[in-house]
Novice: 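Below is the structure I would like to discuss, written out as structure tokens.
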Amino acid sequence: MDDPTVHRRLTAILAADVVTYSRLMGRDEEGTHAAWKSHRKELIDAKIAECEGRIVKLTGDGFLAEFPSVVNAVTCAATVQRGMLERNAGVPQRSRIELRMGINLGDVIVEGDDIFGDGVNVAVRLESIAAPGGIAVSAAVRDNVGNRLDVRFEDMGEQALKNIDRPVRAYGISLDFPPAPSGSDASQVEPWEIEKPSIAVLPFNNISGDPEQEYFSDGITEDIITDLSKISGLFVVARNTVYTYKGKPAKVQQVSQDLRVNYILEGSVRKAGSRVRVTAQLVEGKGGGHLWADRYDRDLTDIFALQDEITHTIVDHLKVKLLPEEKKVICQAPTGSFEAYAYYLRGRHFLHWHSKSHYVMAKRMFAMAVELDPLYARAYAGIADCDSFLFLHYNADVSIDGILAASAKALDLENGLAEAHASLGLALSLRERHRDAMAEFDQAIALDPNLFEAYYFYARACFTQGKLDEAARLFQRAAEIKPDDYQALLVLINVLRSLGREQEMKIAAREGVARAERELVLRPENARAAYLGALGLAALGELDRAKEWAGRALTIDPDDRLAKYNVACFYSLEGEHERAIGLLVELLPGATHETKRWVKYDSDLDPIRRHPHFFKVLELLD
């Protein structure tokens, strides 16, 4: 049992150290000490405070600080390194005080004002591989910052860090952004001033008086988010994050503070017959003042022009420069058929529910859209998405060739569709064309850093190749992107167990079970939430509840192969080894290649691998 006095939290950690401090002290002890104190007093300490951080501890030649967010930590590090560059101007190279910095996002143990643990150790080791005057960060930091800041990340590859028992993916930060203001105005720089303008588009309210029209208001919201996200000079909060506010009373200033954005767009949609009325208002986050508001009464066939007008109005008010290629992409209508668009929106609405029946309905809607417009790229991508999830989660009778064909067709028509690249990557990984698959996943993430499917499919592909560290990172990122998704966290459990990261495993299990409980309240017929939740409860030692959830899953769908597989995992963990092996032997003859690969690496099955009857399972894997 964990010591109840030990407190943990997730935090952003910055470690900094003066390059060749001993040599500098050897040459000029008093001058070096005085210069270092001056840098701290006049620059470093102030910037840490501005970015809402705190200095945890000081060493003679460095410091350790923590921040409430990764964006704050990177902003502080970048501003300090730029400031040090300016302060060193005119100082001979041999006498300059230069810093190396490392930043990590990790779980820490808190004792009083001090922090300890693997999260701290990784930050310290990252600092040691940074260039003088540079910043090295972990992949978790890179993923969380995304395109929010005007800094560029340069891949340093997998790094073997001293006393860290696993390779760590590291990135260097390029500091080629404009210099910070100098002189009397420098102290007035806001912590997020080097950021791009940032905006959250809250779900537009459906005021049609018909709940069935919810798909339409959601569709308009998502399309505005998609269009704004294509603009390189703007940071846009991901769809899955803003939808946590759907149906909840929320003050604009609180949302702005929660999401750390400068602006909020909110509005409403009323659809009646062949007409639509859309109201929209742009609000300044800190003060709550209205920058712009308008009402649009249009024919439904003008919906794309309406969305384009809203997007351009926002861009104009935020004084963001549109690149020529961005302007072209935003102005391009996805289809010439409103009827096809309506079916597509219905399909996307069902897709977000992430259950077997909803995938089937979503696929039917996307197919209708394609029938009405055979050149509708996004509808083909939707079909590929549905088939991907039906294959992965429900062992449905879906052709991998069909996923390949649908995603390839979508990309032939519109090459910049991130979701199509993600589905193509999944199909390629299932065909064991791993190098091609990884290239597609990377392209999907480059096109849309907030695409849940890209990280989730990528993580599963890494797991089946035995790349557990990378799988853990990608599952964690997927769970962050989609706050209501229970699957990434609950699948992550056995990855973390295999890596020996027990404390992180329990954190993932606790949050994953909470999300699964919320899913079962909404959709009690969803066996997947029940059987994955059973594994989470087992990881937390709540075996009675776990057994109840496992039984519930098999009752909901006794023929579901993946339900049987995951319940077998639960029996393995619980000690009912014969029952576990029996279920595996029952389901494996018709199992997919991916399921068989999963059996090879799944740590949940480790307790039965030496059982005298496990050979029966091994025979079915060939």
Side-chain angles (χ1 to χ4, degrees), residues 146-148 150 196-204 216-242 261-267 269 276 278-282 291-296 298-338 340-342 344-345 348 369 373 375-382 410-422 443-451 454:
N147 66 351
R148 185 184 286 255
D150 280 326
K196 305 171 183 182
S198 52
I199 186 170
V201 182
L202 293 181
F204 279 31
F216 192 75
S217 57
D218 283 351
I220 288 179
T221 305
E222 291 177 37
D223 282 343
I224 292 172
I225 292 172
T226 298
D227 284 345
L228 291 174
S229 298
K230 293 172 182 174
I231 301 169
S232 58
L234 188 63
F235 174 80
V236 184
V237 176
R239 179 260 180 209
N240 292 312
T241 300
V242 294
V261 293
N262 310 115
Y263 305 99
I264 302 291
L265 180 72
E266 55 185 1
V269 178
V276 62
V278 176
T279 62
Q281 53 188 13
L282 184 65
L291 301 178
W292 158 79
D294 210 340
R295 186 179 73 184
Y296 303 85
R298 300 288 173 83
D299 191 89
L300 283 172
T301 56
D302 293 331
I303 192 66
F304 300 124
L306 187 158
Q307 292 171 359
D308 182 54
E309 192 173 332
I310 292 174
T311 299
H312 278 85
T313 302
I314 293 168
V315 167
D316 291 343
H317 274 80
L318 301 189
K319 297 179 172 59
V320 176
K321 184 178 180 181
L322 272 179
L323 299 176
E325 59 270 25
E326 293 171 347
K327 189 172 184 180
K328 181 180 178 182
V329 169
I330 291 170
C331 292
Q332 184 177 356
T335 176
S337 166
F338 172 77
Y341 178 63
Y344 172 75
L345 291 186
R348 200 164 63 186
D373 181 0
L375 300 180
Y376 198 169
R378 296 179 191 181
Y380 286 105
L411 292 172
D412 284 343
L413 294 168
E414 190 177 336
N415 190 48
L417 283 179
E419 58 267 40
H421 281 286
Q443 180 68 6
I445 291 170
L447 288 166
D448 185 352
N450 293 312
L451 182 62

Novice: Please check if any side-chain donor atom of Asp373 sits under 3.5 Å from a side-chain acceptor atom of Ser337, or the reverse.
Specialist: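 The answer is no; no qualifying pair exists.
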
Novice: With a 4.5 Å heavy-atom cut-off, do Leu282 and Thr313 have their side chains touching?
Specialist: no

Novice: Before giving the answer on side-chain contact (heavy atoms from CB on, under 4.5 Å), spell out for Cys331 and His312 the whole-Å C-alpha distance, their side-chain angles and the decisive distance to 0.1 Å.
Specialist: CA-CA 10 Å; Cys331 292; His312 278 85; 3.8 Å; yes

Novice: Side-chain contact test, heavy atoms from C-beta onward, threshold under 4.5 Å: evaluate it for Thr335 versus Phe304 and give yes or no.
Specialist: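 Heavy-atom side-chain distance check passes, below 4.5 Å.
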
Novice: Please name the pair of heavy atoms, one in Ala381 and one in Ala410, separated by the smallest distance, quoted to 0.1 Å.
Specialist: N-CB, 3.7 Å

Novice: Rounded at 0.5 Å granularity, tell me how far CD1 in Ile225 sits from OG1 in Thr241.
Specialist: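 The OG1 atom of Thr241 is 9.5 Å from CD1 of Ile225, to the nearest 0.5 Å.
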
Novice: With heavy-atom distances below 4.5 Å as the criterion, would you say the side chains of Ile330 and Val315 are in contact?
Specialist: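 The answer is no, as the side chains (C-beta and beyond) never meet within the 4.5 Å cut-off.
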
Novice: Nearest 0.5 Å, what's the CD1-CG distance between Ile220 and Leu306?
Specialist: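 Interatomic distance, Ile220 CD1 to Leu306 CG, rounded to 0.5 Å: 7.0 Å.
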
Novice: Should Ile264 and Leu202 count as side-chain neighbours, where that means a heavy-atom distance under 4.5 Å?
Specialist: yes

Novice: Write down the atom of Ser198, the atom of Val261, and the distance for their closest heavy-atom approach.
Specialist: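 It is OG-CA, 3.2 Å.
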
Novice: Return yes if some donor-acceptor pair links the side-chain N/O of Glu414 with the main-chain N/O of Arg378 below 3.5 Å, else return no.
Specialist: no

Novice: Can you tell me how far CD1 of Ile314 sits from CG of Leu228, rounded to the nearest 0.5 angstrom?
Specialist: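 Leu228 atom CG to Ile314 atom CD1 measures 5.0 Å (nearest 0.5 Å).
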
Novice: Evaluate the ring planes of Phe216 and Phe338, with Trp represented by its six-membered ring, and classify them as parallel (under 30°), tilted (30 to 60°) or perpendicular (over 60°).
Specialist: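 Answer is perpendicular, since the angle exceeds 60°.
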
Novice: Find the distance between CD1 (Ile199) and CG (Asn262) and round it off to the nearest 0.5 Å.
Specialist: 9.5 Å

Novice: Do the side chain of Thr279 and the main chain of Gly267 share a donor and acceptor less than 3.5 angstrom apart?
Specialist: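 Not at all, since once roles are kept as given, no pair shorter than 3.5 Å links the two residues.
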
Novice: Kindly say whether Asn415 contributes a backbone atom to a donor-acceptor pair with the side chain of His421 at under 3.5 angstrom?
Specialist: yes

Novice: Rounded at 0.5 Å granularity, tell me how far CG in Asp308 sits from CG in Asp223.
Specialist: 12.0 Å

Novice: Under 4.0 Å between a side-chain nitrogen and a carboxylate oxygen: does that hold for Glu419 and Arg348?
Specialist: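 Arg348 and Glu419: not salt-bridged.
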
Novice: Taking the side chain from Thr221 and the backbone from Phe204, do they hold a donor-acceptor pair closer than 3.5 Å?
Specialist: yes

Novice: Can you tell me how far CG of Leu417 sits from OH of Tyr380, rounded to the nearest 0.5 angstrom?
Specialist: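 Going from OH on Tyr380 over to CG on Leu417, the span is 13.0 Å.
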
Novice: When the ring planes of Trp292 and His317 are compared, do they come out parallel, tilted or perpendicular, using 30° and 60° as the limits?
Specialist: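 Because their plane-to-plane angle lies in the 30° to 60° range, the rings of Trp292 and His317 count as tilted.
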
